[in-house]
Amino acid sequence: MHDIRWIRDNAQAFDRALARRGLAGLAGAMIALDERRRAAIGAAEEAQARRNLVSRDIGEAKKSKDDAMAARLLAEVGELKTRVPALAAQEKAATLALDTALAQVPNLPLDDVPDGHDANGNVERHRFGAKRAQASAPRQHFELGEALGQMDFETAAKLSGARFVVLKGALARMERALGQFMLDLHTREHGYVEISPPLLVREEVMFGTAQLPKFAADQFAALAGADAALRRADSNGAADGLDAARGAGGDRRWLIPTAEVPLTNLVRESIVEEADLPLRLTACTPCFRAEAGAAGKDTRGMIRQHQFTKVELVSVTTPRQSADEHERMLACAEEVLRRLGLHYRVMTLCTGDMGFAARKTYDIEVWLPGQNAFREISSCSQCGDFQARRMAARYRAREGREVGHVHTLNGSGVAVGRALIAVMETYQQEDGSIMVPEVLAPYMAGMARVERVAG
RNA sequence: GGAGAGGUGGCUGAGUGGUUGAAAGCACCGCACUCGAAAUGCGGCAUACGGGUAACCGUAUCGGGGGUUCGAAUCCCUCCCUCUCCGCCA
């Protein structure tokens with residue numbers, strides 16, 4: 001969410017930055033809404049001030065038993081009785097109009113973000129490792145997993161539909177091992193605090209990190225007492241089942257699409273002392289995504305699922321610290337892949353490929369031999385004060401005791417499902433078995449190799 | 001699910017519909033006293049928005065929303081949240 005006062009003072013810079021994202025200028029429209037809002041505020045406050053003044057006099061008059069004076073003042077204030085609520089309603093509507101418009105505007109790219117229209121404009125920053133020599137054509141993870149009898153998409157479809165998977169035995173264990181390994185690395189060596197957050201959150205929490213209102217179609221929602229709520233909604237002839245259910249007393253929560261949502265919102269509506277910053281938080285959680293815009297994309301295998309596990313990194317910093325923290329966070333995520341011995345490259349996303357809330361983003365793309373391609377396994381973003389403003393998350397400066405919005409950053413450290421895929425495809429053997437990377441062995445009871453088991 | 005009790009400033013906690021943004025205490029900051037500290041005394045100490053170069057002025061906020069009233073922390077409705085007891089449950 002942008003500061004309308006900043007837009008007012010920097011209208012050209014604002015529109016120029018939006019243009020870099022391929023968007024039309026909005027400063028004029030925003031400023032017009034703001035002017036309407038401020039005019040409404042002025043009118044409403046003036047009326048209220050007058051009412052307050054006269055009301056006070058009425059109180060005085062009644063106290064001194066001056067009934068004639070009181071009656072005269074009452075008559076005088078009569079007109080305000082309808083005017084004040086009307087003006088207040090206008091003010092509310094004008095403020096809502098501005099807020100609604102502002103909530104739809106994405107963050108602005110930092111100056112050093114490369115310009116571009118889409119993923120083709122991303123710039124490689126550096127890479128690590130190399131492709132391994134493999135005797136025959138490497139197989140994809142789902143071919144390996146199905147052959148091992150430990151990755152079952154058909155059964156998952158029976159339970160939940162497309163884009164779900166059932167892992168069994170050693171592969172299930174390896175997924176868990178990956179999450180544990182990452183969490184241990186970040187908490188023991190990188191200074192992050194482990195969090196076990198709620199997976200169902202309120203609407204305003206989703207708004208805080210900017211998943212809502214614009215990306216509702218990408219999210220899952222859960223209803224408590226869904227049957228009863230929906231039945232009542234139906235009988236009301238309501239169009240939108242969810243909103244209606246809520247209106248009918250249904251209790252709606254959103255399933256987190258990433259732990260970024262609960263972790264970042266940990267500081268919502270609060271003022272953190274500067275001495276306590278930066279906050280570094282990590283969690284390993286399931287993530288739920290509707291993948292609404294991805295029909296037909298990555299339909300095979302575990303690359304794109306409605307549910308997947310991810311270790312998330314979140315930092316809350318002062319404005320001065322956020323750029324350095326971004327580099328640090330990237331290094332923390334990279335370290336995961338280095339220790340797993342996975343080949344990857346780091347891309348600086350261009351203006352056209354960045355997410356809504358980001359002002360700068362690094363993606364880590366891991367090499368998948370079976371796919372013969374680099375695929376995203378982590379995305380580390382600085383959001384500046386964009387989310388902080390939506391969440392009302394502030395800090396008090398050490399010097400001067402001033403209050404300002406914090407900066408927030410988030411990154412995957414890393415996506416566990418995709419890490420499993422990368423390990424499988426990278427460490428696959430001719431016979432279809434998979435060598436276990438050394439760093440995972442302690443988490444897998446010393447198992448050295450994942451093999452097909454009878455049954 | 002049933003019954004009940006509550007939500008007031010960073011915290012504790014008063015508050016008869018009329019200068020109550022809100023007593024008091026604690027915490028915090030400044031000053032005085034002190035060699036220093038403690039104790040004590042004096043003063044300060046919410047947030048947001050609007051207006052103003054500024055000093056400052058105005059408006060709103062006592063869980064959220066709505067209502068009654070010239071005027072609401074105080075009355076009414078509604079929603080949310082917290083707590084206690086009972087039941088159920090991983």
Side-chain angles (χ1 to χ4, degrees), chain A residues 1-9 30-31 33-99 102 196 198-205 207-208 223-225 227-229 232 243-254 265 267-276 385 388-406:
Chain A
M1 186 95 110
H2 294 285
D3 182 358
I4 184 61
R5 282 169 301 191
W6 187 88
I7 296 174
R8 233 190 275 155
D9 296 339
M30 295 296 155
I31 290 171
L33 284 170
D34 184 47
E35 272 163 8
R36 244 206 288 155
R37 168 182 148 265
R38 284 193 291 162
I41 288 174
E45 290 192 349
E46 195 190 339
Q48 283 167 327
R50 204 136 52 86
R51 182 203 61 192
N52 289 349
L53 210 67
V54 179
S55 291
R56 202 168 294 173
D57 290 344
I58 293 173
E60 302 268 320
K62 289 209 166 166
K63 215 176 245 174
S64 58
K65 305 278 192 225
D66 189 346
D67 289 344
M69 173 68 99
R72 197 172 62 72
L73 289 170
L74 272 172
E76 184 183 330
V77 88
E79 170 246 0
L80 286 173
K81 209 191 158 178
T82 49
R83 242 171 79 92
V84 166
L87 289 172
Q90 276 174 33
E91 175 190 339
K92 209 170 163 188
T95 300
L96 182 67
L98 175 63
D99 287 347
L102 280 175
S196 175
L199 308 179
L200 298 173
V201 299
R202 296 176 188 286
E203 179 129 3
E204 58 266 32
V205 170
F207 178 88
L223 294 176
D227 282 351
R232 262 173 290 158
D243 286 335
R246 210 157 51 134
D251 192 5
R252 175 168 64 166
R253 302 284 153 80
W254 296 84
N265 275 279
V267 293
R268 83 186 332 270
E269 294 165 54
S270 68
I271 300 176
V272 186
E273 294 297 329
E274 182 178 351
D276 295 331
D385 61 8
R389 191 165 279 117
R390 290 171 159 251
M391 297 188 300
R394 292 168 299 170
Y395 75 101
R396 195 184 309 278
R398 231 180 297 245
E399 308 283 331
R401 312 290 292 160
E402 269 173 57
V403 174
H405 286 100
V406 296

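The chains referred to below are lettered A, B, ... by the order of the sequence lines, with proteins before strands, and numbering in each begins at 1.
Counting heavy atoms from C-beta on, the side chains of A:Ile58 and A:Lys62 come closer than 4.5 Å. Inter-residue side-chain proximity for A:Leu98 and A:Ile4 is flagged as met; some heavy-atom pair is nearer than 4.5 Å.
B:rU84 and B:rG30 have their P atoms separated by 40 Å, given to the nearest Å. The same atom, C1', is picked in B:rU59 and in B:rG71; the two are 16 Å apart, to the nearest Å. Comparing B:rA72 with B:rG66, their C1' atoms sit 14 Å apart, to the nearest whole Å. B:rG1 and B:rG65 have their C1' atoms separated by 27 Å, with the value rounded to a whole Å. The C1' atoms of B:rU68 and B:rC77 are separated by 11 Å, rounded to the nearest whole Å. A gap of 15 Å separates the P atoms of B:rC75 and B:rA5, to the nearest Å. Rounded to the nearest Å, the gap between the P atom of B:rG63 and that of B:rG15 is 15 Å. Across B:rG64 and B:rC26, the matching P atoms stand 28 Å from one another, rounded to whole Å.
Atom CD in A:Glu204 sits about 10 Å away from atom P in B:rC81, given to the nearest Å. The distance between atom CD of A:Glu203 and atom P of B:rC81, rounded to the nearest whole Å, is 14 Å. In this structure, the CD atom of A:Glu46 is 14 Å from the C1' atom of B:rC57, given to the nearest Å. With rounding to whole Å, A:Lys92 atom NZ is found 10 Å from B:rG64 atom C1'. Atom CZ of A:Arg50 is separated from atom P of B:rA60 by 14 Å (rounded to the nearest Å). Taking atom CZ on A:Arg202 and atom P on B:rG64, their separation rounds to 14 Å, with Å as the unit.
Across A:Arg83 and A:Ala47, no two heavy atoms sit closer than the pair NH2-CB, 4.4 Å.
With hydrogens and angles ignored, the 3.5 Å screen pairs no side-chain donor or acceptor of A:Asp385 with any backbone N or O of A:His405. Side chain of A:Arg268 to backbone of A:Met391: no donor-acceptor contact under 3.5 angstrom is found.
With sequence neighbours left out, A:Glu91 forms a side chain to side chain contact (heavy atoms under 4.5 Å, CB included) with A:Ala40, A:Ile41, A:Ala44, A:Thr95. Contacts of A:Arg38 classified as side chain to side chain contact (heavy atoms under 4.5 Å, CB included), with partners at least two apart in sequence or in another chain: A:Arg8, A:Asp34, A:Glu35. Listed by chain and number, the residues in a side chain to side chain contact (heavy atoms under 4.5 Å, CB included) with A:Ala88 amount to none (sequence neighbours excluded).
Remark: RNA chain B forms stems of 3 or more consecutive Watson-Crick or G-U wobble pairs, all pair distances under 3.5 Å, at B:1-7 with B:80-86, B:10-12 with B:24-26, B:28-32 with B:40-44, B:46-51 with B:56-61, B:63-67 with B:75-79.
Counting non-hydrogen atoms of other residues, nucleotides and ligands closer than 6.0 Å to CZ of A:Arg389 gives a total above 12.
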Nucleotide by nucleotide, nucleotides 46-52 of chain B touches protein heavy atoms under 4.0 Å in the pattern (B base, S sugar-phosphate only, - none) -SSBSS-

Under 3.5 Å, which N/O atoms of the protein pair with N/O atoms of nucleotides 67-71 of chain B?
residue: B:rU69; atom: OP2; partner: A:Lys81; partner atom: NZ; Å: 3.4
residue: B:rC70; atom: OP2; partner: A:Lys81; partner atom: NZ; Å: 2.6
residue: B:rC70; atom: O2'; partner: A:Ser55; partner atom: OG; Å: 3.0
residue: B:rC70; atom: N4; partner: A:Lys62; partner atom: NZ; Å: 3.3
residue: B:rG71; atom: O4'; partner: A:Ser55; partner atom: OG; Å: 3.1

